[in-house]
Amino acid sequence: MHFQLTDDQRALRDGTRELLSGRFGRTALRAAVDAPTLDRDLWKELGEAGLFSLGLPESAGGVGLGLAEAVLVFEECGRALVPGPLVATFLAAGDVDGAASGDTVVTEVFGGLVPWLDAADVVRGGPRSTSGAEALASVDPLTPLHKVPDAGPTPWRATLLYAAEQLGSAGRTLDMAVQHAREREQFGQPVGAFQAVKHLCAEMLVRVEVARAAVYAAAVTQDPAEVAAAELLADEAAVRGARDCLQVHGGMGFTWEADVHLHLKRAWVRAELGGRARDAEEVLAAAL
Amino acid sequence: MHFQLTDDQRALRDGTRELLSGRFGRTALRAAVDAPTLDRDLWKELGEAGLFSLGLPESAGGVGLGLAEAVLVFEECGRALVPGPLVATFLAAGDVDGAASGDTVVTEVFGGLVPWLDAADVVRGGPRSTSGAEALASVDPLTPLHKVPDAGPTPWRATLLYAAEQLGSAGRTLDMAVQHAREREQFGQPVGAFQAVKHLCAEMLVRVEVARAAVYAAAVTQDPAEVAAAELLADEAAVRGARDCLQVHGGMGFTWEADVHLHLKRAWVRAELGGRARDAEEVLAAAL
Amino acid sequence: MDLTYTDEEEEFRARLREWLGGVLPALPPKPSPTDWPGRRAYDTGWQRRLYDAGYGDVHWDASPTTRLIFLEETEEAGAPYVGANFVGLLHAGPTIAAEGTDAQRARWLTPILRGDEVWCQGFSEPDAGSDLASLRTKAVRDGDEYVISGSKIWTSHAEVADWCELLVRTDATAAKHRGISWLAMPMDAPGITVRPLRTLAGSTEFAEMFLDEVRVPVGNRVGDENDGWRVTMVTLSFERGTAFVGEVVACRRVLGELAAHARKNGRWDDAVLRRELALLSAEFRALWRLTQWNVSEAQATGGVPGVGGSVFKLRYSHARQRLYDVAAEVLGGAGALDAAQDWTLDRLSSLSYTIAAGTSQIQRNIVAERILGLPKSPKGGR
Amino acid sequence: MDLTYTDEEEEFRARLREWLGGVLPALPPKPSPTDWPGRRAYDTGWQRRLYDAGYGDVHWDASPTTRLIFLEETEEAGAPYVGANFVGLLHAGPTIAAEGTDAQRARWLTPILRGDEVWCQGFSEPDAGSDLASLRTKAVRDGDEYVISGSKIWTSHAEVADWCELLVRTDATAAKHRGISWLAMPMDAPGITVRPLRTLAGSTEFAEMFLDEVRVPVGNRVGDENDGWRVTMVTLSFERGTAFVGEVVACRRVLGELAAHARKNGRWDDAVLRRELALLSAEFRALWRLTQWNVSEAQATGGVPGVGGSVFKLRYSHARQRLYDVAAEVLGGAGALDAAQDWTLDRLSSLSYTIAAGTSQIQRNIVAERILGLPKSPKGGR
């Protein structure tokens with residue numbers, strides 16, 4: 001047993017983070033918010049970097065990595081709030097031409113919702129035709145949504161990858177909260193010196209670390225109950241993390257300019273796309 | 001509308017508190033813990049003070065007061081942790097000879113449980129005979145319990161009076177926590193100067209005040225949904241109040257010598273006797 | 001403990017209800033949220049109607065119970081909110097009434113009550129945050145004028161206000177609470193720039209305000225120079241007693257709507273969700289009773305509310321957030337993510353409740369120190 | 001990220017499991033909780049069996065993963081707990097091993113591993129509480145002895161211990177962390193009075209210890225004079241990595257029993273309760289994985305655990321309390337109030353988890369300051 005990242009995994013995570021911070025840093029993120037169309041150049045670059053193909057065997061142009069590696073990469077995408085139907089395209093790699101390379105944008109129906117329908121080349125899952133899909137005024141400025149009547153359960157691999165994104169987002173809002181708490185002064189000292197703020201941040205970290213153990217373990221074991229646990233804990237870490245981050249930021253956290261709302265809204269979206277909480281709870285209950 | 005205590009109500013509350021602190025102060029409480037038998041002298045004195053009869057018309061030897069006054073008196077009993085089947089005896093006054101005066105000790109079956117069965121002269125509610133009642137190793141040293149198979153719902157007046165006791169207990173554990181926080185020094189200052197302790201105490205107060213509004217209003221309106229709300233909020237205030245009080249006390253709160261566990265255990269007992277939380281929730285849901 | 005209303009109060013309620021029944025259907029349509037002149041006209045028009053019908057001063061002169069009834073009835077009838085009149089009616093007006101000179105009262109009060117003039121609030125500053133008293137907007141005396149420079153934030157209705165109640169630092173050397181003054185600043189004075197501030201809900205009901213050597217007559221100062229903090233605190237606490245009456249009534253209505261919606265879409269059968277709704281029902285029932293308790297107390301003590309407002313705000317702000325989280329569960333799936341749903345926007349705006357007007361952390365300090373008498377932390381322990 | 005065990009580890013597990021299967025049925029019956037000599041004999045007898053079978057030093061010499069397997073298997077097999085050997089095996093022993101002289105190691109270590117000598121811990125004091133370093137038990141040098149007076153609290157097994165690892169103040173003038181020394185005190189020294197301390201669960205597994213001019217040879221000091229705080233901290237953090245392995249395994253077993261019980265008594269049909277059980281299942285699954293994560297990290301860094309122990313303890317102590325609250329719900333009514341139920345006693349004892357060995361408040365400070373690097377509060381802000 002060695003339940004730690006290998007050197008290769010560490011390098012993959014660091015490389016992904018570096019790629020994304022260069023290619024989709026804060027300026028790009030805010031530009032995407034102002035003009036929320038799918039950036040196909042970025043998509044192609046992600047494909048070239050192997051983001052969609054990493055699970056494919058080398059014979060199919062991939063690198064033959066497993067779900068554990070996918071989870072690390074999706075965690076980074078969650079941190080960076082990369083927009084687009086990443087999960088669906090990843091899952092389509094190998095099945096849909098061009099998905100692995102980033103040439104084809106694939107979306108999928110998850111829980112009666114279709115993210116990025118208009119931008120996608122291929123739609124999978126759900127009803128045969130999405131011609132009756134109804135556009136939603138999506139709460140998340142970075143995720144256009146349509147709804148379709150048919151709402152099958154989300155496939156477990158998608159659940160796991162969304163959980164990985166939630167984990168990344170939770171880690172990022174923790175970092176944002178801590179940075180703000182170190183820098184912002186009130187009553188003559190950094191707000192992070194106040195025990196109330198300190199303890200909010202400490203509980204955020206605890207939620208992140210617990211969710212991390214659950215998500216990584218689910219990727220390794222691929223056990224349905226472990227996936228369900230990962231989903232619930234990662235959703236909680238992301239949603240409550242964003243809210244606590246907002247609270248630590250005070251009034252500034254309530255502005256459109258602060259990034260924290262982007263994390264919260266996306267966390268809400270992922271929580272729906274990743275599968276219903278009640279279903280995950282019943283999976284866990286049944287396994288008891 | 002004047003949703004405040006009248007002068008008479010204030011006098012009743014203060015008088016009851018004075019009576020109980022004289023007659024059942026800390027020394028008497030700890031003596032009762034060491035020898036948990038029902039003190040019939042105390043019972044008689046409570047009867048003489050009008051505790052059981054206050055709701056009866058003057059023609060029946062009472063003072064013709066209402067449930068609002070009863071709630072104030074039971075709140076004080078909860079503060080002082082007065083042992084014995086107070087609720088059952090109060091509800092029996094007028095129906096059972098000697099209950100009003102404190103000469104007869106009456107208990108009642110609530111939720112399949114009978115408090116103080118061996119000490120009682122009369123048992124009401126539940127199955128015809130309590131000969132099959134099974135003694136329980138009661139978690140509360142001040143409430144002997146038997147269980148009987150038949151578990152009808154607790155009558156709403158009993159629910160309300162137990163909620164009033166819970167409210168009193170919550171108020172008392174708040175006072176205990178605040179006193180400890182003012183006096184106990186750690187790291188060179190009173191622990192109450194630490195924000196974490198301060199905020200625990202503040203939330204305790206908030207729960208007490210919210211429960212108080214609910215309990216008093218339920219006594220005035222006698223509306224089933226308001227009684228259900230009072231039950232839930234008072235149970236929460238008492239149980240969480242005792243636990244937070246324990247936390248504020250640190251290790252000393254974990255000892256038998258500290259009174260805090262007596263409040264917690266009694267709060268657990270009252271929560272069961274006062275009616276099932278799930279039933280109260282369904283009453284509230286149905287009223288929506 | 002009496003929850004029935006007096007005959008007089010019931011008559012007031014009946015009269016008001018009847019009047020509302022007559023006047024509301026005749027109101028013009030609600031303007032769009034981004035139409036600031038339209039919103040001003042709508043809100044001040046409503047205030048003028050209230051004034052003409054004798055309800056204009058209900059926030060000032062009526063007893064707390066009467067005010068409670070007024071707020072309960074107008075909310076239940078779906079009457080317009082106080083809107084653009086908020087600062088004038090509930091902050092600046094009461095401050096001027098309590099602390100102003102006769103001339104100041106004569107100049108400013110009636111226009112507020114008649115809906116002729118709109119006020120905005122210039123208290124918060126970007127660098128001050130929760131530590132309001134550390135504000136830095138500077139006012140330098142020049143003859144019989146103050147010359148003011150600095151910036152303010154979270155100013156509602158700044159675009160259409162006639163006046164701004166402004167807190168400025170008139171003595172930079174004094175302790176932070178001691179060098180502040182309260183001024184009435186005309187919003188057409190040169191040097192004022194207003195820039196809308198977008199919230200996370202996408203709305204722009206707040207603004208930033210930049211002041212560049214704005215000149216305000218010394219005669220516009222209410223209260224003594226450097227006494228502005230006390231002047232302000234009187235008003236802020238004055239407003240607490242009944243501040244949330246309408247909102248609690250509204251939350252109870254929303255809760256009923258949620259239950260109806262859940263019964264229709266089948267989520268009602270989910271016992272976990274039903275439980276959440278039940279607990280919220282207990283919560284808002286109790287908060288309504290707590291409101292009546294606080295109002296009765298204010299009535300008994302002559303209108304001076306205690307720190308009970310902090311207790312209420314602490315619990316209410318979290319309950320409101322839970323309410324709209326549960327709303328998202330009731331809507332479920334697509335509905336929970338649909339920004340076209342009112343409940344989604346309310347969910348977003350509820351996020352400010354644990355921050356605005358004193359964060360929950362600050363409220364807990366207040367409750368612990370002022371009600372429970374726990375020791376003030378030394379510098380660093382707040 | 002590898003959750004499979006090496007062949008070597010699997011062999012260790014299989015061998016251990018087989019040995020446990022043989023030895024456990026032959027154990028004497030468990031003594032009553034109040035029979036202290038009986039408990040000592042039972043616990044040390046078990047340690048002697050472990051020692052003879054080659055498992056005596058698993059807490060010291062084995063790799064973190066081997067220790068994890070040992071704790072997992074013994075818990076699952078229902079083997080005795082470390083019990084009276086706790087302080088010797090997990091606190092005093094490792095301290096002496098790391099900081100003692102050759103002579104000290106020779107004198108004290110083997111008797112611990114063989115179950116010949118029992119140690120207790122004299123760290124906590126009534127007036128110190130969370131601020132352990134403010135301890136006041138005084139040791140005055142008199143020739144080659146220390147003369148010790150003061151009182152200790154929360155001392156387990158004091159009634160039957162041979163030795164006490166004692167923290168004393170040897171320099172009253174130094175800063176509080178700088179004047180402390182670590183001593184091995186023989187429990188038969190004159191001047192020691194042990195008084196059982198009753199917990200809220202009614203049990204007496206802890207004691208108070210009063211020291212009245214107890215004389216201890218200077219040669220019993222481990223580490224330098226006044227360096228006892230550092231000596232102690234090394235051991236305390238050493239123990240954190242795998243401290244809760246057995247408990248997490250036990251909690252998962254209890255959770256399964258709760259589900260089985262709920263299925264039998266019908267409460268399983270209550271969706272709200274089923275949800276609570278499901279969330280606890282997610283919780284303890286994750287805590288088990290977090291344990292494996294921490295153990296793997298300790299293995300990689302040579303056995304030095306980080307502050308990750310605080311993260312684990314924070315979450316685990318609250319999860320354990322929730323577990324037994326839910327147990328009360330599963331039992332329901334009379335069952336929830338029945339002190340004859342193991343789950344009721346476990347519920348009571350779980351209340352100490354957020355307090356003992358550093359309150360949750362202290363743990364949050366540690367996490368915030370040492371992991372997140374948030375500023376240390378000035379005096380008053382802790």
Side-chain angles (χ1 to χ4, degrees), chain A residues 1-6 9 66 68-69 71-72 174-175 177-178 181-182 189-190 192-195 197-221 223 225-226 228-233 236 277-278 280-288, chain D residues 1-6 9 65 68-69 255-256 258-260 262-263 268 271 274-297 299-300 308 310-312 314-315 360-361 363-369 371-378 381-382:
Chain A
M1 184 196 70
H2 183 69
F3 191 37
Q4 291 278 303
L5 302 200
T6 62
Q9 288 170 336
E69 285 75 16
V71 153
L72 294 175
L174 168 61
D175 291 351
V178 168
R182 282 208 201 106
Q189 61 181 317
F194 297 115
Q195 216 180 21
V197 172
K198 236 177 224 185
H199 289 191
L200 267 184
C201 293
E203 289 295 336
M204 289 170 80
L205 174 85
V206 170
R207 286 194 301 265
V208 169
E209 293 307 317
V210 170
R212 181 187 310 285
V215 170
Y216 290 0
V220 173
T221 65
D223 173 275
E226 302 248 344
E231 176 191 348
L232 294 174
L233 292 165
E236 188 200 30
R278 217 71 89 232
E281 288 158 15
E282 291 297 349
V283 167
L284 283 160
L288 270 175
Chain D
M1 288 193 264
D2 185 2
L3 284 165
T4 58
Y5 292 84
T6 63
E9 289 161 347
T65 305
L68 177 93
I69 294 170
L255 194 55
L258 288 179
R263 284 190 170 100
W268 187 255
R274 216 162 55 238
R275 178 189 204 207
E276 283 167 357
L277 289 166
L279 295 180
L280 280 169
S281 173
E283 189 75 19
F284 283 104
R285 279 172 186 276
L287 285 169
W288 176 246
R289 297 311 185 184
L290 186 57
T291 301
Q292 292 181 309
W293 182 266
N294 287 343
V295 165
S296 298
E297 187 178 32
Q299 181 113 337
S310 287
V311 172
F312 183 90
L314 252 177
R315 185 84 173 207
S360 291
Q361 285 73 30
Q363 304 296 344
R364 290 188 195 108
N365 280 354
I366 292 174
V367 169
E369 292 170 9
I371 304 185
L372 296 175
L374 286 172
K376 275 216 160 208
S377 312
R382 284 191 66 88

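Within every chain, numbering begins at 1; the chains are lettered A, B, ... in the order of the sequence lines, protein sequences first and strands thereafter.
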- Query: Do you know which of Ala230(A), Ala214(A), Gly66(A), Ala213(A) has the most heavy-atom pairs with chain D at a distance under 4.5 angstrom?
  - Reply: Ala213(A)
Under a 4.5 Å heavy-atom cut-off, does chain A meet the side chain of [X], its backbone, both or neither?
| X | answer |
| --- | --- |
| Leu68(D) | side chain |
| Leu279(D) | side chain |
| Leu277(D) | both |
| Trp268(D) | side chain |
| Glu9(D) | side chain |
| Ala259(D) | side chain |

Which bit of [X] comes within less than 4.5 Å of chain D, counting heavy atoms only: side chain, backbone, both or neither?
| X | value |
| --- | --- |
| Leu288(A) | both |
| Glu236(A) | side chain |
| Gln4(A) | both |
| Val220(A) | side chain |
| Glu69(A) | neither |
| Arg278(A) | side chain |

- Item | ring-ring contact (aromatic ring centres under 6.0 Å, His included) against Phe284(D), all qualifying residues, sequence neighbours excluded | none
So which heavy atom on [X] is nearest to which on [Y], and how close?
| X | Y | result |
| --- | --- | --- |
| Ala181(A) | Leu374(D) | CB-CD2, 3.7 Å |
| Trp293(D) | Tyr216(A) | CZ3-CD2, 3.7 Å |
| Pro375(D) | Ala193(A) | CG-N, 3.8 Å |

- Item | Residue that, paired with Arg364(D), satisfies side-chain contact (heavy atoms from CB on, under 4.5 Å) out of Lys198(A), Gln195(A), His199(A) | His199(A)
- Which of these passes side-chain contact (heavy atoms from CB on, under 4.5 Å) with Met1(D): Val71(A), Thr6(A), Leu5(A)? Leu5(A)
- Show your reasoning for whether side chain to side chain contact (heavy atoms under 4.5 Å, CB included) applies to Asp2(D) and Met1(A). CA-CA 5 Å; Asp2(D) 185 2; Met1(A) 184 196 70; over 6 Å; no
- Message: Contact between Arg289(D) and Val210(A) at the side-chain level, heavy atoms closer than 4.5 Å - yes or no?
- Response: no
- Just wondering, do His2(A) and Thr65(D) contact through their side chains at under 4.5 Å, heavy atoms? no
- Evaluate side chain to side chain contact (heavy atoms under 4.5 Å, CB included) for Leu372(D) paired with Leu174(A), printing each intermediate quantity in order. CA-CA 9 Å; Leu372(D) 296 175; Leu174(A) 168 61; 4.1 Å; yes
- Asp223(A): what forms a side chain to side chain contact (heavy atoms under 4.5 Å, CB included) with it, not counting sequence neighbours? Thr221(A), Ala225(A), Glu226(A), Arg285(D)
- Ion pair check, Arg274(D) and Glu281(A), cut-off under 4.0 Å: no
